[in-house]
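Each remark here refers to the structure printed beneath this line.
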Amino acid sequence: MKVREMVWWWWIYIAVAVQASIKGEDYVTYDGRSLIINGQRKLLFSGSIHYPRSTPQFYMQNFTTKIVNLMKSEGLYASQGGPIILSQIENEYQNVEAAFHEKGPIYVKWAAKMGVELETGVPWVMCKQTDAPDPVINTCNGMRCGETFGGPNSPNKPSMWTENWTSFYQVYGGEPYIRSAEDIAFHVALFIAKKGSYINYYMYHGGTNFGRTTSAYVITSYYDQAPLDEYGLLRQPKWGHLKELHIMIKNCSTPLLQGVQSNFSIGPLQQAYVFKEGTGACVAFLVNNDATKNVTVQFQNNSFELLPKSIGILPDCQNMVFNTAKVSTKPNKRITTLTKMFNEVDMWKEFKEDIPNFLDTSLRSNSLLEHMNTTQDKSDYLWYTFSFQPNSTCPQPVLHVESLGHVVHAYINTIFIEAGHGSHDTKGFSMDIPITLIDGINNVSILSVMVGLPDSGAFLESRYAGLTKVTIQCSESYIYDFTNYTWGYQIGLEGEKLQVFKEQSLEEVEWSEIDDSTNKSLTWYKTTFDAPIGDEPIALNMSSMQKGAVWVNEQSIGRYWVSFLTSKGNPSQTLYHVPRSFLNPTGNLLVVLEELNGDPLQISLNTISLVNVNSPFSYHHLPQ
């Protein structure tokens, strides 16, 4: 799911034992069946903890050493009496390994050796790395590791699932990926039935990408469909169904970890996995791979009905007490309650950005500069500007722009003319815009906008973003090509530089009453509000806006892009999480940067809560 380029990106993953009691100084090792904590095999479920990505000035060994030393200094490893039982070096590097040719395998061996030599006292893993060198454990990431994982690369290593994707990240223009409780439960049970002993959910708790932390085109809400949603609320029946499954599996730990496994066919698309332990303990997993119909199977002289695409668990090999496709937890749904409308004109003040022209700029180049290297990630915004005077008549000029950036806003003589954008799956885009030129010097100002940095693939440092071609066509035979021309550049917006989203900087610009002009592009708005009473999560409904960013009490709650609709005609996200920890009881400062033509008078403040959906009986449906 997440691939990191070899030079600058690294991933340190640390598993914390959530169901193993760890006291005093402990030791963690493993065998071919499971992790072993204090001499006992353990069957573990966990959720991910992510540590910050390193910055470009750190090389990998320095960064990894820094993180490990930090953990050691706090006594957090199990060998020190702490809760950390597992460490990860790299993440899905095999997806890009071939791009580095003979250096790829060399790097894998070096990274593994470097991690092990840090002597954390706990095992190291590499995700989706089939050639992980001993003693590093190769593990599986994905949604269906019970079906896709080829297993450990050594009989002495346990079978581990380090990322069970409970959903998928959502991008602007995309619909949410909804993975059902039944589907997750099926594949968890199947992985355990195939001698898996560790499953980590990615993500178990959805979250929020505050500030500018999202990767390219990814929305602010992250894995909102996880068992605990973006706001930390239970998403039922997913949370409850998985909890019941975990209890069932944990209660069968003895035969699963100490018993002998056998498997055999019990039908054309049906399979039985049985674990028997010497004391007589026994557990069976009856698998129905038929996704269309119920089947009745025979097992140990008894008949059992299996729902479509389901696994029945028999903790004593006699009685089926759990079926992955039968959900007893009642579903719930999330509701929003309006607490405040910002619909009064006198609530708001506005500040309009000046549109820079060539003479306003100090950074110059005779070519089109690459966006990311020019801004150095100090801002999403980069102005490309030039001035020219037609040397002949140009009655019907058309501005042609090609870009590998995410968004372009085009201005002629400070007048907004049009915006365009790409998408997560279509990196480049072009615009052909009829324009009006004046006699004399014309100023063309094009604002290139990034919506996150690239997140995956090899050679990230060589990725290109920004404008690649600019022309003005006067006729079929006469075109002005400005691709190799004298350009002026401005990094960021004036409001960003002055930090007008901070209380102490508000007086740096002149705020005015909201006007009713049609030109509302690149406008900053500010107002204040009181925190809603209670402890329910809070969100701003930004559905009346188009694209921009929001700050509350100087804290960025992220980018919004409501005008980018899905194929079904819906915004990918309209509600934007405002943590209560950001708020004061009264007088909270709200600042909005609108790039296009949104209406702040329709922004609202809402609380988020849950209600149960009435369901007097257990239900099931086919996995999604």
Side-chain angles (χ1 to χ4, degrees), residues 352-375 380-423 426-451 464-494 517-523 546-547 563-564 594-597:
K352 292 183 181 295
E353 284 276 332
D354 290 330
I355 309 303
N357 60 41
F358 179 79
L359 294 177
D360 297 322
T361 62
S362 58
L363 176 61
R364 305 285 172 83
S365 175
N366 292 325
S367 63
L368 293 169
L369 297 181
E370 194 278 325
H371 184 128
M372 293 182 289
N373 281 313
T374 304
T375 63
D380 288 345
Y381 304 98
L382 178 62
W383 284 104
Y384 292 72
T385 70
F386 70 92
S387 298
F388 90 109
Q389 182 173 354
N391 55 20
S392 63
T393 59
C394 193
Q396 294 181 317
V398 174
L399 175 65
H400 175 78
V401 179
E402 296 179 13
S403 177
L404 287 172
H406 300 157
V407 181
V408 161
H409 302 307
Y411 294 78
I412 302 293
N413 298 318
T414 73
I415 304 301
F416 175 75
I417 52 174
E418 192 168 309
H421 63 82
S423 69
T426 305
K427 308 305 180 186
F429 65 96
S430 63
M431 303 164 60
D432 288 287
I433 315 163
I435 59 175
T436 299
L437 298 176
I438 61 173
D439 294 334
I441 300 296
N442 288 268
N443 291 296
V444 178
S445 304
I446 302 173
L447 182 61
S448 176
V449 186
M450 296 294 290
V451 186
Y464 191 97
L467 305 188
T468 58
K469 185 175 183 179
V470 178
T471 65
I472 293 179
Q473 182 170 348
C474 292
S475 65
E476 290 185 4
S477 59
Y478 201 88
I479 299 176
Y480 292 95
D481 191 340
F482 300 101
T483 304
N484 294 305
Y485 192 74
T486 303
W487 288 83
Y489 296 89
Q490 177 180 300
I491 298 171
L493 303 178
E494 191 66 20
S517 67
T518 57
N519 181 20
K520 296 182 179 180
S521 66
L522 292 180
T523 301
Q546 295 192 21
K547 184 182 182 302
S563 60
F564 195 164
E594 171 60 31
E595 296 175 21
L596 293 166
N597 196 31

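What you are looking at is a predicted structure, and each value in this text was computed from that prediction instead of being measured.
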TODO: Please assess Trp487 against Val470 for the test side-chain contact (heavy atoms from CB on, under 4.5 Å), listing each intermediate value before the final yes or no.
DONE: CA-CA 11 Å; Trp487 288 83; Val470 178; 3.8 Å; yes

- [ ] Can you label the angle between the His421 ring and the Phe564 ring as parallel, tilted or perpendicular, going by 30° and 60°?
- [x] tilted

- [ ] Would you confirm whether Ser403, through its side chain, and Gly405, through its main-chain N or O, come within 3.5 Å as a donor-acceptor pair?
- [x] yes

Open item on the list: Looking at every non-hydrogen atom in both residues, tell me the closest pair between Met372 and Ala465 and how far apart they are.
Closed with: CE-CB, 4.0 Å

TODO: Kindly assign one of parallel, tilted or perpendicular to the pair Phe386 and Phe388, based on the angle between their ring planes and the thresholds 30° and 60°.
DONE: tilted

TODO: Go through the steps to decide whether Thr375 and Ile491 satisfy the test side-chain contact (heavy atoms from CB on, under 4.5 Å), and finish with yes or no.
DONE: CA-CA 6 Å; Thr375 63; Ile491 298 171; 4.1 Å; yes

- [ ] Mind checking the CG-CD spacing from Asn391 to Gln389? Nearest 0.5 Å is all I need.
- [x] 8.5 Å

Open item on the list: Looking at Gln490 and Gly492, would you say the former's side chain and the latter's main chain have a donor-acceptor pair under 3.5 Å?
Closed with: yes

Open item on the list: Quick check: closest heavy atoms across Val449 and His371, and the distance to 0.1 Å?
Closed with: N-CE1, 4.1 Å

N/O donor-acceptor pairs under 3.5 Å from side chains in residues 433-445, not counting sequence neighbours:
from	atom 1	to	atom 2	distance (Å)
Asn442	OD1	Asn413	ND2	3.1
Asn442	OD1	Ile438	N	2.8
Asn442	ND2	Ile438	O	3.0
Asn442	ND2	Gly440	O	3.2
Asn443	OD1	Ser387	OG	2.5
Ser445	OG	Pro356	O	2.5

- [ ] Heavy atoms only: give me the nearest Ala410-Leu399 pair and the separation to one decimal.
- [x] CB-CD2, 4.2 Å

- [ ] Just jot down the ring pair (Phe, Tyr, Trp, His ring centres under 6.0 Å) partners of His406, sequence neighbours excluded, or say none.
- [x] Tyr217

Open item on the list: Any heavy-atom pair between the side chains of Tyr384 and Tyr489 that's under 4.5 Å?
Closed with: yes

Task: Backbone of Glu370 reached by a side-chain donor or acceptor of Thr374 within 3.5 Å - done: yes

Task: Point-to-point distance, once rounded to the nearest 0.5 Å, from CZ of Phe482 to NZ of Lys469 - done: 12.5 Å

- [ ] For the pair Val408 and Phe429, evaluate side-chain contact (heavy atoms from CB on, under 4.5 Å) and give the outcome as yes or no after the intermediate values.
- [x] CA-CA 10 Å; Val408 161; Phe429 65 96; 3.7 Å; yes

- [ ] Please name the pair of heavy atoms, one in His409 and one in Ala419, separated by the smallest distance, quoted to 0.1 Å.
- [x] ND1-CB, 3.3 Å

- [ ] Would you sort out whether Thr385 and Asp360 count as a side-chain contact (heavy atoms from CB on, under 4.5 Å), showing the intermediate values?
- [x] CA-CA 9 Å; Thr385 70; Asp360 297 322; over 6 Å; no

Open item on the list: For Thr486, give me all partners under side-chain contact (heavy atoms from CB on, under 4.5 Å), at least two apart in sequence or on another chain.
Closed with: Phe358, Asn366

Task: From CD (Gln473) to CD (Gln396), nearest 0.5 Å - done: 11.0 Å

Task: Residues which pass side-chain contact (heavy atoms from CB on, under 4.5 Å) with Gln546, listed by chain and number, not counting sequence neighbours - done: Ser563, Glu594, Leu596, Asn597

- [ ] Report the distance from atom CG of Leu493 to atom CG of Asp380, rounding to the nearest 0.5 Å.
- [x] 9.0 Å

Open item on the list: To the closest 0.5 Å, what do you measure between OG (Ser448) and CG (Leu404)?
Closed with: 9.5 Å

Open item on the list: Which residues pass the salt bridge (charged side-chain N to carboxylate O under 4.0 Å, His left out) test with Glu595, not counting sequence neighbours?
Closed with: Lys547

Task: Test item: Leu522 and Tyr411 side chains (from C-beta on) under 4.5 Å apart, heavy atoms - done: yes

TODO: Working to the nearest 0.5 Å, report the span between OG1 of Thr483 and CG of Asp481.
DONE: 4.0 Å

Open item on the list: If we check side chain to side chain contact (heavy atoms under 4.5 Å, CB included) with Val398, which of these qualifies: Thr471, Ile479, Asp432, Ile472?
Closed with: Asp432

Open item on the list: Less than 4.5 Å apart, side chain to side chain, heavy atoms only: is that true for Tyr478 and Cys394?
Closed with: no

Open item on the list: List the residues meeting side-chain contact (heavy atoms from CB on, under 4.5 Å) with Lys427, not counting sequence neighbours, and say none if there are none.
Closed with: none

